[in-house]
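Below is one structure, written out as structure tokens, with a few remarks after it.
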Amino acid sequence: MNHPPTAHAIDPKTGTMNGATARYEKRLRDLSTIYADEAAFARAVAQEGDRVVYYVHETRPAASHGDLIFGTTFMEPGRIGEEYFVTRGHIHARANRPETYYGESGNGLMLMENPEGETRILEIAPRVLVYVPPMWIHRSVNTGAEPLVMSFCYPSDSGQDYEIIARSGGMATRIMANGTGWKAVANTAYRPRTTEEIAAILATRD
Ligand code: NI
């Protein structure tokens, strides 16, 4: 199917994107098993489990090899215990597919981890573009007091593997409050991937 060229106005405060073909949202209760402080998470769900904590507007022109998916992510500010709100996070099902994120409003981090378990953390802010290379697990973190809005773009045949994080007991690094800022803390429940698991991810081709 051929698509005509299109232009999409983005509201940097809300992430609303003209011409978006899909919208999905995550509620607080959808994010079980992510946060270190399970008691604080249970209390938050009891109080406001239906609260929408992030949502995505996106356009998917075609699923065919070589096309792009693009859109915006809006993340509410907040914490579970001392841990800042995060997205569920994933590696692309075709792990060698990259992605870009561009800061529209607010302040946060792109938390990334390669299959070997190495962490990279890059700050994202208005007019900053973060490149997530092939083979990197990625998760967004809102470390600010305001919503974090980013626009993104990635190959349309990437897919998402969310389970890679759960299989390792979470990502290796957590982002916690540190006064008015943030600090990276080792996740004590983290289980490194085996040599075989790492090789299978890195073997992704085409
Ligand atoms: Ni992605």
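Ligands are counted one by one from 1 in listed order, and the atoms in each one are counted from 1 as well.
- Within the protein, the N, O or S atoms sitting under 2.8 Å from the Ni ion (ligand 1) are H90 NE2, H92 NE2, E99 OE1, H138 NE2.
- Evaluation of the ring pair (Phe, Tyr, Trp, His ring centres under 6.0 Å) test over residues 138-163, restricted to residues two or more places apart or in two chains, returns H90-H138, H90-Y162, H92-H138, H92-Y154, F152-Y154.
- Under the salt bridge (charged side-chain N to carboxylate O under 4.0 Å, His left out) criterion, R139 pairs with no residue, sequence neighbours left out.
- Residues L109 and W182 have side chains in contact (heavy-atom distance under 4.5 Å, counting atoms from C-beta outward).
- Interatomic distance, R51 CZ to R29 CZ, rounded to the nearest 0.5 Å: 13.5 Å.
- Ionic pairing of R97 and E99 is not present here: no N-O contact between side-chain nitrogen and carboxylate oxygen is shorter than 4.0 angstrom.
- Residues that satisfy the side-chain contact (heavy atoms from CB on, under 4.5 Å) test with D161, not counting sequence neighbours, are I91, E163, I164, R167.
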